[in-house]
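One structure is given here, and the rest of the page talks about it.
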Amino acid sequence: MTAAEAGRDVGRVVVVGNGIAGLTAADALRAAGFDGELVVVGEERHAAYSRPALSKALLTPSADMTAHRLPAPTHGAIEILGVAATGLDTAAREVLLADGSRQAYDRLLIATGSRARRLTDSADELTLRGIDDALRLRARLAGGPSVLVVGGGPLGMEIASGCVESGCRVTLVSQGPPLVEQLGRHLAGVFAAAARRRGLRIVESGAASVDAAPGAAHVIDGEGTTHRADVLVTAVGDLPNVAWLAGTGLVAPTPSGGVLAVDERGLLRPDIAAAGDVAAFPSAHGMRRVPLWSSAVERAKVAAAALLRGAEAPAPAFQPYFWTEAFGLSLKAVGPMPLTGEPEYLDGGADGPALMRWRHPDGSGSAVALDYRIPIPRLRKVCLPVA
Amino acid sequence: MRIVLDRPRCEGHGLCEEAAAALMHLDHDGELVLDVEQVEDGTPQAAAAQAAVRVCPVAALSLA
């Protein structure tokens with residue numbers, strides 16, 4: 001079957017979600033030869049944007065306020081923006097929208113992403129997930145208030161870094177050392193040292209409790225000490241947006257409210273695929289969500305191809321790429337994380353820019369570039385198994 | 001159409017090279033080099049250029 005013949009029986013595709021997964025899926029459908037009617041539904045009124053930029057470039061005082069913008073779409077879809085999907089009728093093949101309208105489909109691609117996990121219902125608990133969140137946080141940082149950031153993952157550290165650069169006194173409350181769960185002890189130590197040098201106060205706490213009472217936001221750490229600040233931001237994970245699919249039988253239950261468990265091609269059923277942060281897919285470590293930019297892009301391409309070509313579509317293995325920027329450090333990584341033990345330095349050393357490798361017991365490797373410019377294809381080669 | 005690089009935005013991730021290795025590469029200093037700047041509409045090259053533009057997380061590439 002040629003690309004032009006792919007999905008010839010498919011007249012209308014609806015993509016729900018206009019983040020990078022939805023946008024890439026729409027592009028990929030066109031690239032695969034789909035020339036029927038394409039509809040993209042987005043809950044946000046904004047054009048698709050780069051989410052990674054929100055917690056990096058966009059928070060700093062001298063920010064380029066266009067850092068998150070992406071080139072305009074070329075997929076020629078009917079775009080319905082600022083309208084959420086509220087339901088799905090899989091028998092009638094219709095998506096129900098918040099404005100009461102219905103969108104019929106032959107194939108459906110779900111890319112509704114995830115939302116910030118919250119610790120309270122208070123509007124004084126800020127989170128950072130979308131562009132509106134980023135602008136709200138940025139506005140609150142004017143004048144250099146004191147800030148409490150709860151969550152020691154990459155997002156929490158990036159937010160803390162942006163707040164410090166904005167002239168704020170910042171306390172980061174983290175379960176254990178920041179970034180240890182994601183990066184391992186060695187790299188987490190490098191980031192924590194850089195953060196402290198720039199003035200970040202780090203509170204390592206077991207079970208902290210958060211109270212976002214208006215005007216009196218505070219955190220009580222595991223030792224019983226109370227930490228107060230003018231601004232409270234939490235970055236404690238994300239939850240897949242699947243509530244609108246209740247009753248469809250498509251949602252795999254999880255303790256945190258459910259996920260779309262797709263097959264290796266991104267399919268939930270022959271006519272419905274999912275990609276991006278809303279979906280978990282089979283990996284070497286079981287069913288996993290990989291809420292990263294590069295994973296959203298790759299999985300969206302795979303899912304789009306599968307919607308048109310079914311089992312004939314390829315199901316490529318893909319090694320996600322991760323990067324973070326905080327406290328003057330820039331890290332790029334490929335391969336399984338977190339990393340145990342000390343690195344092998346392929347270039348540079350412990351005190352400056354470095355290209356590092358960790359070998360894993362199964363022969364695979366992980367490669368990390370710290371303040372070191374290297375194209376991803378070369379970084380991938382660094383972590384290939386030893387022949 | 002023409003591939004346009006906004007060099008100050010480029011952070012050297014190199015995801016574009018992965019999407020369109022025949023059109024661009026990062027040199028040994030991690031600077032992006034456009035090996036092909038002009039691509040014909042509707043060709044596989046144009047599709048690769050689109051993919052490269054789309055995968056850049058900092059929108060350093062565009063098509064004109």
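Lettering of chains follows the sequences in order, A, B, ..., and the numbering in each one begins at 1.
- Heavy-atom distances place the side chain of B/Q50, and not its backbone, under 4.5 Å from chain A.
- In this structure, CD1 in A/I376 is found 9.0 Å from CD in B/E17, a value given to the nearest 0.5 Å.
- Residue contact with chain A, scored on non-hydrogen atoms closer than 4.5 Å, involves the backbone and the side chain of B/H28 alike.
- Here the closest heavy-atom approach between residue A/W293 and residue B/P57 is recorded as CZ2-CA, 3.5 Å.
- Contacts between A/R380 and chain B at a heavy-atom distance below 4.5 Å involve the side chain alone, from C-beta outward.
- Only the backbone of B/L61 comes within contact range of chain A, with heavy atoms under 4.5 Å apart.
- One distance of note links CZ of B/R54 with NE2 of A/H75; it measures 7.0 Å at 0.5 Å rounding.
- Environment of CD in B/E40: sparse, with no more than 12 heavy atoms of neighbouring residues, nucleotides or ligands closer than 6.0 Å.
- For chain B, no part of A/A28 is nearby; none of its heavy atoms comes within less than 4.5 Å.
- Taking CD from B/E11 and OG from A/S330, the interatomic distance works out to 7.5 Å, rounded to the nearest 0.5 Å.
- Interface summary for chain B: among A/P377, A/P73, A/A48, A/A53, the most heavy-atom pairs under 4.5 angstrom belong to A/P377.
- For the atom pair CZ of A/R373 and CG of B/L26, the computed distance is 7.0 Å after rounding to the nearest 0.5 Å.
- Both the backbone and the side chain of A/T66 come within less than 4.5 Å of a heavy atom in chain B.
- Both the backbone and the side chain of A/L70 come within contact range of chain B, judged by heavy atoms closer than 4.5 Å.
- For A/R51, no part sits under 4.5 Å from any heavy atom of chain B, backbone or side chain.
- At a 4.5 Å heavy-atom cutoff, A/E298 makes no contact with chain B through either its backbone or its side chain.
- B/C56 touches chain A through its backbone: at least one of N, CA, C or O sits under 4.5 Å from a heavy atom, while the side chain does not.
- Interface residue A/I20: only side-chain heavy atoms are found under 4.5 Å from chain B.
- Between chain B and the options A/V297, A/L23, A/I374, the largest number of non-hydrogen pairs under 4.5 Å is found for A/L23.
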